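FYI, side chains are in, hydrogens and waters are out, and symmetry mates aren't considered; it's all heavy atoms of this structure. Given the structure is predicted, the values throughout are model-derived calculations rather than measurements. Residue numbers start from 1 in every chain, and the chains themselves are labelled A, B, ... in the order their sequence lines are given, proteins ahead of strands.
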Amino acid sequence: MGVNKRTNPSPYAALRKVILASMILVPFIPFILVLAIGYINFTASLESNTIASMQRIVDDHRQMIESFLRERKSDLDFVLNTNTFEDLSQSPKLERILGYLQNVSNAFVDLGVFDEDGVHVAYQGPYELTGKQYKHTDWFTEVMKSGYYISDVFLGYRQVPHFIIAVAKVDGNPKWVLRATIDTQMFNRLVEKVRIGKTGEAYLLNADGIFQSDRRSGGMLMHQDPDYAKYAVFHQGIKTFLGTDATGKKYLYATTWLKDKNWLLVVRKEKADAFRALRSAAYLIVGIAVLGGAGIILIAFYLTGRIIGRMEQMDAEKSRLGRQLIQATRLAELGEMAAGFAHEINNPLQIIKSEQSLIEVLLSDLKEKGQLKESDELADLEDSIAQIQLQVNRCAGITQSILKFGRQAEPVAKDVDLQQFIPEVTGMVAKKASVHGIALEQRIADDTAPIHGDPGQLQQVLLNLYNNAIDAIVARHGSMGGRLMIETGPGENQHVEIRVTDNGCGISPENLKKVFAPFFTTKPVGKGTGLGLSVCYGIVESMGGVMSVASEEGVGTTFTVRLPAVVV
Amino acid sequence: MEKMRMMLVDDEERFLTTTQKLLAKKGYDALTATSGAQALEILESKNVHVVILDVKMPGMDGIATLKEIKRRFPLVEVIMLTGHATVESAIDGLKSGATDYLMKPTGVDELLAKAAEAFEKRQRLEEKIRMAQTRKIMKSPREILRDAENP
């Protein structure tokens, strides 16, 4: 057993692993699945939401820029159609009109009038451009051809980045052109205005990839966009895509071409910023997974520990019960064997007794007939024969005690009302007590609960205790000053306590340990079998109770019987 | 008055002979049998008032013997002699018709006292039977005649 124990510390090690594994895995799989599915769906919806919002922003922004340009063109068209070339060639009139236009939109920087040969006839604005020749410039050729032109941003004569809107009167005579310069700063602000998140920005590029507005994250007006090649392709509507720019940052792009002008509106946002919610969702899910997983593992360990502990406890209990059963069986076998011996011994005892009686009768016959003379030898013989009778009776007493001890009769248990039962039993010894001058006192508490057991057995226990007490009292006090007290009352844990206290000679500490052992007695040889208390102990135990003793030599002894109370 | 006649039944022969001698000394006539079968055989031929019967015997045991005696000789009083101090075996015997029981080892005086008691009981019973028969005769002597004619 010891060797086996060392090599296999717990017979449940394998079971423990299985329980632990299943307790962790079974909840873990659905847990992870739920998290993963939730994450996938959530990110998909978040991504499409983010992209849709980018598209909406770029669309709104394009419409705004387009309407700005359209309005400026309409302003110029209105001036062109309501005034004659001659009127506007005069500076005061032109100045007034510029004033009106600037009232409508402060984007207008200056206003110029050109004749059909491209000569700057009149100019109103911060620069001195009157008389300059524009006949062969691209914009002039273009405006004369289609009657309308918006330029890219360029430096021109003034060496300042600007762009112009020009409208031409091509169906009249003379043909002439009205041109306005748009404040790039203001236009810049208009384009840049978009702010989405921390890194969201919008900018315009012309067909060659030159910035037509500043870019917040770097990219000067009129500089080349290094990433232009990535999205240079012309397309209808709005295009969204992920791309890495020259600085190596990842962006979510949304692009669209303006309708009236060959400019590309780009709205972009750093990917990390655009999908920030996605990242926090991922963190949240990882957090939940870690915490939940830890929780599952902790609970699995805890519960497995509990289960295994409980099983081990039950095992211990089982083996304890097994040992008890073996002990009880042994005791029963011993009892049966003892009873058998006692029975067998009774037969020879019977014969001895009969023989002894016969000897007695024969002796007295012989004496009557005068065949035996009175002598010391005869007296010794008679004494010896009397002794045989005494010893046979002693043997008979022993065998009868053994037969009682080993008797297998089923006790008949019923509810016993101690408040009534104890005085009855006490009454049986009252006479004996009074003969020995013992004051008998009963204290039966009113809340003494009934018990469940065989009344005959209980009576046997009580009588045994009373008789022992009386013997102890007589040994100390003779026939005066004895006190015997019987107390009953409720004890702990739904038990009833019966205490038998005497002021007899007491029991020495070394004997106290052995009082319940079978065949232990302090009574003179032939007076006690030493079975009384051990039988009592067995009876009380069979009723589910315990029996204990407290004693002091020369003071007295208290026997306590604790029995489970019948719960009413 | 009739003298009590006893029979001792036990497988211990020495017990039988010694007790028989003792009883003889006390002035009582006692028969002995070493088994139930022998006891029944004796009862067939001899008039016995009280049987002292050991419970535990090889072959036919005490209780079986008791039942057989009570079946065939209902007037015979039986006292069980048991080596077991258990009341159970005694109760068994009493239920099956025994008059009383004795526990081994028992003294001869004790045995005699119980036997005398049983004998008295038997006497009373026989007395009653006699009384009843007497009454019957007094009532219709003719019936006696008829009984005599058609036995």
Side-chain angles (χ1 to χ4, degrees), chain A residues 335-369 385-386 388-412 454 456-457 459-460 529 531 535, chain B residues 6-28 30 32 34-35 52-59 61-63 79-95 101-115:
Chain A
E336 223 167 290
M337 212 165 73
F341 283 152
H343 184 224
E344 288 310 314
I345 284 166
N346 274 342
N347 280 322
L349 276 182
Q350 175 69 71
I351 295 169
I352 295 170
K353 194 163 184 161
S354 302
E355 299 297 329
Q356 185 269 340
S357 298
L358 185 60
I359 292 168
E360 253 179 16
V361 170
L362 290 174
L363 266 183
S364 62
D365 279 3
L366 285 173
K367 274 198 283 183
E368 261 171 38
K369 284 181 194 165
I385 291 163
I388 291 173
Q389 184 181 19
L390 203 68
Q391 297 305 328
V392 167
N393 286 343
R394 186 176 155 194
C395 285
I398 294 170
T399 53
Q400 274 177 19
S401 296
I402 291 172
L403 283 166
K404 270 184 207 160
F405 177 69
R407 141 173 143 187
Q408 295 292 302
E410 279 295 312
V412 185
D454 180 60
Q457 285 188 332
Q459 178 185 316
Q460 190 185 341
T529 57
L531 284 168
V535 171
Chain B
M6 286 178 278
M7 179 164 64
L8 301 168
V9 187
D10 197 320
D11 54 323
E12 299 271 1
E13 268 180 69
R14 180 70 203 198
F15 168 68
L16 293 179
T17 53
T18 309
T19 312
Q20 194 179 28
K21 273 185 212 164
L22 264 171
L23 290 172
K25 290 275 172 199
K26 304 242 173 203
Y28 290 94
T32 61
T34 52
S35 71
I52 314 287
L53 184 60
D54 188 20
V55 172
K56 204 180 160 202
M57 284 187 299
D61 79 350
I63 299 292
I79 294 171
M80 303 303 290
L81 184 58
T82 170
H84 249 296
T86 54
V87 191
E88 281 77 10
S89 61
I91 289 171
D92 266 1
L94 292 174
K95 274 184 188 161
Y101 69 93
L102 278 165
M103 279 185 211
K104 280 187 182 178
T106 180
V108 73
D109 295 329
E110 209 181 326
L111 189 148
L112 265 175
K114 295 253 180 185

Structural part of A/L362 lying under 4.5 Å from a heavy atom of chain B = side chain
Nearest heavy atoms of B/P105 and A/N346, plus distance in Å = CD-OD1, 3.8 Å
State, to 0.1 Å, how close A/Q350 and B/L81 come at their nearest heavy-atom pair, and which atoms those are.
-> OE1-CD1, 4.3 Å
Can A/E344 and B/K56 be counted as an ion pair, charged N to O under 4.0 angstrom?
-> yes
Out of curiosity, B/T18 OG1 to A/I359 CD1, how far, rounded to the nearest 0.5 Å?
-> 9.5 Å
Interatomic spacing from CG in B/L22 to CD in A/E355 - rounded to 0.5 Å | 8.5 Å
Does CD in A/Q391 sit with more than 12 non-hydrogen atoms of other residues, nucleotides or ligands closer than 6.0 Å?
-> yes
Side chain from CB out, backbone as N, CA, C, O: work out which of these in A/N393 comes under 4.5 Å of a heavy atom of chain B, or both, or neither.
-> neither
Quick one: closest heavy-atom pair of B/T19 and A/S354, and the distance?
-> OG1-OG, 3.7 Å
Hey, could you give me the CD1/CG distance between A/I351 and B/L16, rounded to the nearest 0.5 Å?
-> 9.0 Å
Do you know which two heavy atoms are closest between A/N347 and B/E12, and how far apart they sit?
-> CB-OE2, 3.6 Å
Side-chain contact test, heavy atoms from C-beta onward, threshold under 4.5 Å: evaluate it for B/K104 versus A/K353 and give yes or no.
-> no
